[in-house]
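Keep in mind it's a predicted model, so treat the numbers as computed, not measured. All chains are named by letter (A, B, ...) in the order of the sequence lines, taking the proteins before the strands, and each is independently numbered beginning at 1.
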Amino acid sequence: MAGPLRFPRSARLLAKADFDRAFQGGTRLGGQFFRLLVVIEPGTPARLGAALAKRSIPHAVDRNRIRRQLREAFRQRQAELAARSLVFTAKPEAAATPNPALRADIDRLLTRAAALPLDRPAGTMSR
RNA sequence: GGAGUGAGCCAGACAACCGCGCAGCGCCUCACCGCGUGGCGAGGAAAGUCCGGGCUCCACAGGGCACGGUGCCAGGUAACGCCUGGGCGGCGCGAGCCGACGGAAAGUGCAACAGAGAGCAGACCGCCGAAGCGGGGCAACCCGCUGGCAAGGGUGAAAGGGUGCGGUAAGAGCGCACCGCGCGGGUGGCAACACGCCGCGGCAUGGCAAACCCCACCGGGAGCAAGACCAAAUAGGGAGGCAUUGGCGCGGCCCGCGUCGCCUCCGGGUAGGUCGCUAGAGCCGUCCGGUGACGGGCGGCGCAGAGGAAUGGUUGUCGCGUCGGCGGGUUUCCGCCGGCGAACAGAACCCGGCUUAUCGGCCCACUCCGCCU
């Protein structure tokens, strides 16, 4: 029985193919510190992936911190996000930003992602 | 009490709720997935990737050259560019600290600016006017020139030992004494090196080798994305079988040859997966040897193993630092209230070092100064 606030493996993006699909055909949303790519895949649970480039976030400690903020925000709101695969990228300014400000930006993006219509199949935007 | 030196240690604590990773046990189950339970789950630098090793694969007769690294001596170590002890030089009143610290009489080279002169030294200011020549004067002597001088000034990072006395026209290791230096010997030390030891030498090799270089020693290459194994889909390769009167091509036709289809198997190999992957030059305690680094004996412990990458989020209480206010106290200090702050930083095959970053706190040893008895 998966509780509504858990973060099991099935809620994560693990394969390179998932990330490639998001980068090629995902709907793009821009926030203050993040960019969000959304792929609609009916029948799947909400899934999260963090693509934090070493180039934009040079210190491992910052990458870990940002990833944990992403996970925590996603974990608490995943019920609204069913059938959506989300890939976050961070802008360089995120490294120097405290957690509450990051969290607010993430929540705004999640709200927009939840509002996307479900009837558009994945991959529509490519080609 | 103040100022300082060295060596260690810690890296806020506890609780609640919601989560994450791993192996164990239990439930479910063919298995995967999932669920429950108690356990474990970042650092002193996990960092930079600058050295050294283990491990893995590749290469490899032996020797020399080239290239790179190291560079006082002796130890320690698996090894090192690390560590310990010692020597020498420098800094500090001191505890202590710092040093790429082999060779400059093998050769080549470099030295801006300043300065008269910078590597077969050098007369700018200055000192001298003994000697020689000329002039003056009865003479003592005076003037000028040829010249002599490295003592003084000045320049410089550096000017060819220092101080004193003698000496001289003025000077000069020119002579002497002491100090320094070089060479040979002696003594002490494993050695680097040292010596209020002996003899010789008036002093000869100025600096730079993180300039080329010489000497001594060391060095195969790539790295866990190493490497080993399992292995789809798609395309292509090989073998066998079937289709046996099939289509197409070479021919006017037949035979024949080539090519196209389906099935099975084989080998290479991509995605993906498994292993490597945490028991190791391990950690803690104790005893012994050693000045020490360290080595040895005995006993105990089981101590992260992820993989788009776990070790987190929120809240509360206490503790710490700091600022402001109030009250005792007034050198130091104590209590209460409120605000702010709590660093540097995240394992990725594993060890030994080095270097760099870091809010603050604790303990020990020692030095100097002040005060009291």
Side-chain angles (χ1 to χ4, degrees):
Chain A
M1 271 314 192
L5 296 182
R6 293 184 52 100
F7 186 60
R9 258 186 140 52
S10 57
R12 305 180 202 173
L13 289 181
L14 300 173
K16 180 168 163 53
D18 294 326
F19 283 85
D20 289 344
R21 220 174 306 126
F23 280 113
Q24 283 166 19
T27 302
R28 292 159 193 272
L29 301 175
Q32 188 180 0
F33 304 116
F34 296 95
R35 277 180 267 273
L36 173 58
L37 300 163
V38 186
V39 177
I40 306 294
E41 293 177 282
T44 67
R47 295 196 296 169
L48 173 70
L52 304 178
K54 197 170 187 175
R55 198 172 162 168
S56 43
I57 314 292
H59 288 96
V61 112
D62 293 318
R63 287 197 297 278
N64 281 344
R65 182 172 62 89
I66 291 166
R67 180 164 29 240
R68 283 161 181 162
Q69 288 297 317
L70 287 169
R71 275 187 14 187
E72 189 62 18
F74 173 86
R75 185 172 73 83
Q76 298 190 357
R77 299 187 55 184
Q78 56 187 308
E80 320 164 32
L81 295 163
R84 292 165 177 82
S85 292
L86 312 175
V87 172
F88 279 89
T89 17
K91 301 180 180 179
E93 308 85 69
T97 305
N99 286 342
L102 290 179
R103 191 63 180 275
D105 196 43
I106 297 167
D107 277 327
R108 277 192 296 275
L109 286 168
L110 291 180
T111 301
R112 291 171 62 190
L116 288 175
L118 280 182
D119 51 5
R120 188 170 54 196
T124 303
M125 293 197 61
S126 60
R127 240 155 290 199

*Syn-anti status, with the boundary at 90° from 0, for the nucleotide B:rG251*: syn
*asked:* How many whole angstroms separate atom CZ of A:Arg63 from atom C1' of B:rG307?
replied: 15 Å
_For a quick test of reading the model, state the closest non-hydrogen atom pair linking A:Arg63 to A:Ile57 and the distance between them._
NH1-O, 2.8 Å
*Which base, if any, makes a Watson-Crick or G-U wobble pair with B:rC190, both distances under 3.5 Å?*
none
*Euclidean distance, A:Glu72 CD relative to A:Leu102 CG, rounded to 0.5 Å*: 13.5 Å
_My understanding is that a pair needs two contacts under 3.5 Å, Watson-Crick or G-U wobble. By that rule, which nucleotide pairs with B:rC145?_
B:rG132
*Complement of B:rA365, any strand, by Watson-Crick or G-U distances under 3.5 angstrom*: B:rU5
*Indicate syn or anti for B:rC303, taking the glycosidic torsion and treating anything within 90° of 0 as syn.*
syn
*Quantified in whole Å, what is the P atom distance between nucleotide B:rU332 and nucleotide B:rA7?*
34 Å
*Atom of A:Ile106, atom of A:Ala73 and distance for their closest heavy-atom approach*: CG2-CB, 3.6 Å
*Say whether A:Ser85 and A:Arg21, considering side chains only, have a donor N or O and an acceptor N or O under 3.5 Å apart.*
no
*Write down the distance separating the C1' atoms in B:rG285 and B:rG24, rounded off to the nearest Å.*
30 Å
_Let's test this: given Watson-Crick or G-U wobble pairing with both distances under 3.5 Å, identify the partner of B:rC248._
B:rG258
*For B:rA159, the Watson-Crick or wobble counterpart (both distances under 3.5 Å)*: none
*Go through A:Arg68 and A:Asn99 one step at a time and tell me if the side-chain contact (heavy atoms from CB on, under 4.5 Å) criterion holds.*
CA-CA 10 Å; A:Arg68 283 161 181 162; A:Asn99 286 342; over 6 Å; no
_In whole Å, measure the gap between the P atoms of B:rA309 and B:rC298 for me._
49 Å
*Determine which nucleotide pairs with B:rA150, using a 3.5 Å limit on both distances of a Watson-Crick or G-U wobble pair.*
none
*asked:* Tell me which nucleotide, if any, is Watson-Crick or G-U wobble paired with B:rC82 when both distances must be under 3.5 Å.
replied: B:rG76
*Determine which nucleotide pairs with B:rA31, using a 3.5 Å limit on both distances of a Watson-Crick or G-U wobble pair.*
none
*Work out which heavy atom in A:Ala113 is nearest to a heavy atom in A:Leu86; give both atom names and the distance.*
CB-CD2, 4.1 Å
_How many whole angstroms separate atom CD of A:Gln78 from atom P of B:rC18?_
15 Å
*Anti or syn - B:rA42, cut at 90° from 0*: syn
*Using the P atom in both, what is the distance from B:rA59 to B:rC266, to the nearest Å?*
31 Å
_Closest-nucleotide mapping onto RNA chain B: is A:Val61 or A:Phe19 further toward the 5' terminus? I mean the 5' end._
A:Phe19
*May I ask you to decide if A:Phe7's main-chain N or O and A:Arg12's side chain share a donor-acceptor pair within less than 3.5 Å?*
yes
*Could you give the NE2-to-C1' distance, from A:His59 to B:rG346, as a whole number of Å?*
11 Å
*Considering only the P atoms, how many Å lie between B:rC113 and B:rC215, rounded to the nearest integer?*
37 Å
*What does A:Ala51 touch in the nucleic acid at a heavy-atom separation under 4.0 angstrom: a base, only the sugar-phosphate, or nothing?*
base
*asked:* Tell me if the CZ atom of A:Arg35 is crowded by more than 12 foreign heavy atoms within 6.0 Å.
replied: no
*When you compare B:rG154 with B:rG115, how far apart are their P atoms, in angstrom units rounded to a whole number?*
15 Å
_By the rule that syn is within 90° of 0, classify the base conformation of B:rG307 as syn or anti._
anti
_Toward the 5' end of RNA chain B, by each residue's nearest nucleotide, A:Phe23 or A:Ala60_ = A:Phe23
*C1' gap between B:rU278 and B:rG305, integer Å*: 7 Å
Is there any protein nitrogen or oxygen under 3.5 Å from a nitrogen or oxygen in nucleotides 310-315 of chain B, and what are the pairs?
{"residue": "B:rA310", "atom": "OP1", "partner": "A:Arg67", "partner atom": "NE", "Å": "3.4"}
{"residue": "B:rU311", "atom": "OP1", "partner": "A:Arg71", "partner atom": "NH2", "Å": "3.2"}
{"residue": "B:rU311", "atom": "OP2", "partner": "A:Arg68", "partner atom": "NE", "Å": "2.9"}
{"residue": "B:rU311", "atom": "OP2", "partner": "A:Arg68", "partner atom": "NH2", "Å": "3.1"}

